[in-house]
Amino acid sequence: MIGRERGVLIRRLFRRFDHWLLLRAPILWRTRLLHCLLLLCLLILAKSPFVQTSISLPSGILPGNIILTTCWLQVSGVVVVLGLWVRSILRKPVGEIALRRHVVTVVAVGVGSYLWLVTPSLFAYVEINAIKGVDLSDRELQADVEFLGLYKGWDCIPPSVWKDEREFQRKLEQLHEVLDRYVGYKFDLKTEPSPSYISCDQQGSLAISSYYISSSKEKTTAIQDARRFWVQDNSPNQFSSIRKSFSWFIAIALGFGVLTAIFSYPTYVWGRTFSVAASRLRTYRL
Amino acid sequence: MSGSPQIDVDANAVRRSIAADVRAGSAALVEFSRRYARTPEYKNAALAMKVSVPNIEDPVVLEDLRNRMTNILDGILGDCAREDAGVDDELRAKKRLFARFRKESSKQETICRVEQLQKRFRRSGFVMGPISFGLRAGEITALIGENAHGKTTLLRTVIGEYATSSGSVAFPSLSHGRGFHWAAVKQYIGYLPQKLPDWRVSLADTMYFQAALRGLSPAETEMQVQYLVARLDLAEHMTKRWSELSGGFQLRFALAQALVGRPRLLVLDEPLASLDPKAQAALLWDIRHLAKSAHSSMAVLISSQVLDPLEAISDNVIFLRNGTVVYQGPTGAIGAERTSNLYECDTSLSLSALQERIGHHVQDIRHNGVYYIIRTSLAVSYPDMLQLLKEANVEFTHCRDIGRKAMGLFEQTDRRGGKA
């Protein structure tokens with residue numbers, strides 16, 4: 001009951017503020033910036049519980065490409081939302097008004113669009129930071145990278161790969177440890193290891209899915225890239241697209257703002273402008 | 001009470017209406033104040049009552065409103081009684097002076113001046129103009145003509161939706177300061193297009209938005225919107241959606257939107273097309289009173305095919321045919337230079353039978369699809385025409401003189417295919 005009353009009160013306050021804004025800044029009111037930012041805040045609140053803010057074990061890391069894919073999917077969704085937002089603005093015609101008043105539209109739509117576009121990247125940035133702070137020293141990471149580098153798309157490891165039985169056991173233990181650390185995959189060292197869909201022809205071969213190896217490799221690369229995220233160097237970094245996107249988003253947001261302002265002009269203004277320009281050109285040629 | 005029997009009858013009707021239903025009573029009080037109130041205070045108070053009543057449900061408050069309405073009614077009656085008794089001669093003298101001042105000042109102020117305006121369309125080859133005219137504050141100019149003969153083109157060129165091919169459109173009293181900018185001038189122009197655009201936001205918000213956009217202060221915006229809502233009887237429709245409104249109310253809302261911000265030039269393109277005769281008369285009455293309003297008179301340019309009511313409220317007429325001006329001048333001067341009289345009559349007789357009966361007394365008879373158009377010499381006056389029909393034993397249901405009416409311009413040009 002109290003919750004409902006509070007809801008009604010908030011709605012009434014919001015409506016009163018909306019009316020206040022309508023009377024004092026109609027162009028800003030038309031952009032519905034307030035509504036747009038409120039919706040963004042709600043989405044941030046809804047999404048926040050699902051964002052990894054700290055990761056202790058490497059096995060808890062999502063591979064970098066998943067983070068990137070999610071981020072760009074979210075950006076695509078945001079572009080659709082922004083398109084709908086601009087459309088809703090354009091459905092409130094302003095008629096022919098002074099150019100300086102359209103600057104408000106450009107700024108409001110630009111600011112709103114930028115905040116919307118940046119938000120998925122900020123989530124990704126939080127996740128990158130969490131990956132960066134994983135409980136693993138650089139030396140351990142480097143050792144794991146080198147060890148995993150030995151394995152490339154093998155499903156079966158014949159015993160003849162290693163010199164003797166002792167080395168075979170040692171490597172097997174190391175592999176067991178690394179896979180457990182990065183993907184949480186534990187296979188039995190004594191008997192034939194797990195994936196039943198892999199059958200090795202040679203007697204005594206170790207059957208292990210290359211998926212676990214590549215997954216572990218991805219995670220080591222993700223940790224390395226996360227730790228080098230803010231280092232300005234030329235080495236390839238899967239997350240660099242996020243860093244670059246911050247500046248691109250400024251251009252895109254400004255583009256949204258400018259286009260909204262341009263399309264806010266009634267079509268006849270463009271017709272009249274071009275008609276006057278054409279007649280002047282004709283007079284000039286004559 | 002007031003000395004005039006009619007005002008007492010009307011006051012009693014309003015009193016009964018207030019007693020029966022406060023809402024209906026408030027509407028009746030507004031109408032009564034419009035007709036009889038001598039000072040704007042009572043008119044404004046009545047309007048304010050009408051605006052506030054729909055939102056009030058509390059019976060105690062309603063009773064209070066009922067008392068206040070009765071007080072307003074008594075106040076108006078008291079004013080009338082004093083004035084009728086000749087108590088306030090000074091006030092009457094001031095009013096006369098003010099009316100004269102208003103008449104003179106509105107005559108002088110030219111809102112829009114069109115000089116040798118021409119608009120050519122390359123693709124269709126249609127040419128509108130050249131045409132010159134002036135639109136003065138407080139005057140209504142009717143733009144008439146058949147469909148596709150350049151009325152909308154002229155209106156859209158005047159308000160800047162089309163660039164002029166040659167000639168000029170100037171707004172001497174609207175473009176202040178440095179140079180001419182359409183965006184600045186547009187703040188003073190209210191335009192009602194032929195095809196009304198949909199309103200996507202709530203009706204109330206759209207009106208507030210348009211008012212605020214025209215640079216009114218928040219207090220002025222509130223007052224203007226409330227005033228127009230009351231004036232055009234829109235209060236009970238403010239919460240509806242655009243699609244839920246009838247064509248007539250959509251038009252009223254669009255008119256309110258055009259009027260918000262007190263425009264100096266009101267341009268209306270075929271506003272009467274979707275209205276019934278009663279609504280047409282009400283709308284034209286509103287336009288006339290708004291145009292000639294004492295505190296913010298405006299120039300009105302209105303196009304319509306509904307000739308007679310439009311003619312009744314307009315000061316000037318422009319008649320277009322194939323984009324050129326056939327008649328331009330005061331409404332009262334239509335047909336002043338005619339060479340024959342024109343009568344529009346309706347009878348069940350066939351054309352040949354009618355010709356047989358009255359043909360030798362008239363110059364020409366033809367059927368325009370609905371009525372017979374009878375042309376006579378100037379010597380045959382309207383009573384003569386009625387006498388002629390009676391003597392010829394022609395049973396008619398309708399007969400009127402259109403020689404000095406806008407309708408006559410249509411018939412004249414139909415016959416001559418050009419100049420009236």
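Below, chains carry the letters A, B, ... as their sequence lines are ordered, and counting in each starts from 1. Computed from a predicted model, the values in this text were never measured in an experiment. Only heavy atoms go into these numbers, but all of them, side chains included; no hydrogens, no water, no symmetry mates.
- The ring pair (Phe, Tyr, Trp, His ring centres under 6.0 Å) test applied to A/Phe263 returns no partner, not counting sequence neighbours.
- With a 4.5 Å cut-off on non-hydrogen atoms, A/Pro93 touches chain B through its backbone but not through its side chain.
- Using a 4.5 Å cut-off between heavy atoms, B/Asp198 makes no contact with chain A at all.
- Rounding to the nearest 0.5 Å gives a distance of 8.0 Å between CD of B/Glu161 and OG1 of A/Thr267.
- To the nearest 0.5 angstrom, A/Arg30 atom CZ is 14.0 Å from B/Asp205 atom CG.
- Looking at heavy atoms from C-beta onward, A/Leu23 lies out of side-chain contact with B/Leu216 at the 4.5 angstrom threshold.
- Aromatic ring orientation, A/His19 versus B/Tyr208: perpendicular (interplanar angle above 60°, classes split at 30° and 60°).
- Using a 4.5 Å cut-off on side-chain heavy atoms (C-beta onward), A/Arg101 and B/Leu213 make contact.
- At most 12 heavy atoms of other shown residues, nucleotides or ligands fall within 6.0 angstrom of atom CZ in A/Arg87.
- In the displayed structure, A/Arg228 atom CZ is contacted under 6.0 Å by more than 12 heavy atoms of other residues, nucleotides or ligands.
- Using a 4.5 Å cut-off on side-chain heavy atoms (C-beta onward), B/Ile189 and A/Glu96 make no contact.
- Of all heavy-atom pairs spanning B/Ala183 and A/Ala98, the tightest one is CB-N, 3.6 Å.
- Contact of A/Arg100 with chain B is not made at all, since no heavy-atom distance falls under 4.5 Å.
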Compile the donor-acceptor pairs under 3.5 Å between side chains in residues 68-79 of chain A and protein atoms, sequence neighbours left out, one pair per line.
{"residue": "A/Thr69", "atom": "OG1", "partner": "A/Asn65", "partner atom": "O", "Å": "2.5"}
{"residue": "A/Thr70", "atom": "OG1", "partner": "A/Ile66", "partner atom": "O", "Å": "2.6"}
{"residue": "A/Ser76", "atom": "OG", "partner": "A/Trp72", "partner atom": "O", "Å": "2.8"}

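- Of the two parts of A/Val94, the backbone and the side chain both hold a non-hydrogen atom closer than 4.5 Å to a non-hydrogen atom of chain B.
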Evaluate the side-chain contact (heavy atoms from CB on, under 4.5 Å) criterion for residues B/Val201 and A/Arg32: first the C-alpha distance (whole Å), next the side-chain angles of each, then the deciding distance (0.1 Å), finally the verdict. CA-CA 12 Å; B/Val201 197; A/Arg32 286 285 202 259; 4.2 Å; yes
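- The contact list for residues 115-124 of chain B toward chain A, using heavy atoms and a distance under 4.5 Å, reads B/Arg122 by residue number.
- Ranked by heavy-atom pairs shorter than 4.5 Å toward chain A, the options B/Gly160, B/Ala211, B/Ala184 are led by B/Gly160.
- Near-neighbour residues of residues 253-260 of chain A relative to chain B, defined by a heavy atom under 4.5 Å from a heavy atom of that chain, are none.
- Two residues are said to be in side-chain contact when any heavy atoms from C-beta on lie closer than 4.5 Å; A/Tyr268 and B/Tyr162 fail this criterion.
- In terms of non-hydrogen atom pairs under 4.5 Å with chain A, the most contact-rich of B/Gln210, B/Gln187, B/Glu222 is B/Glu222.
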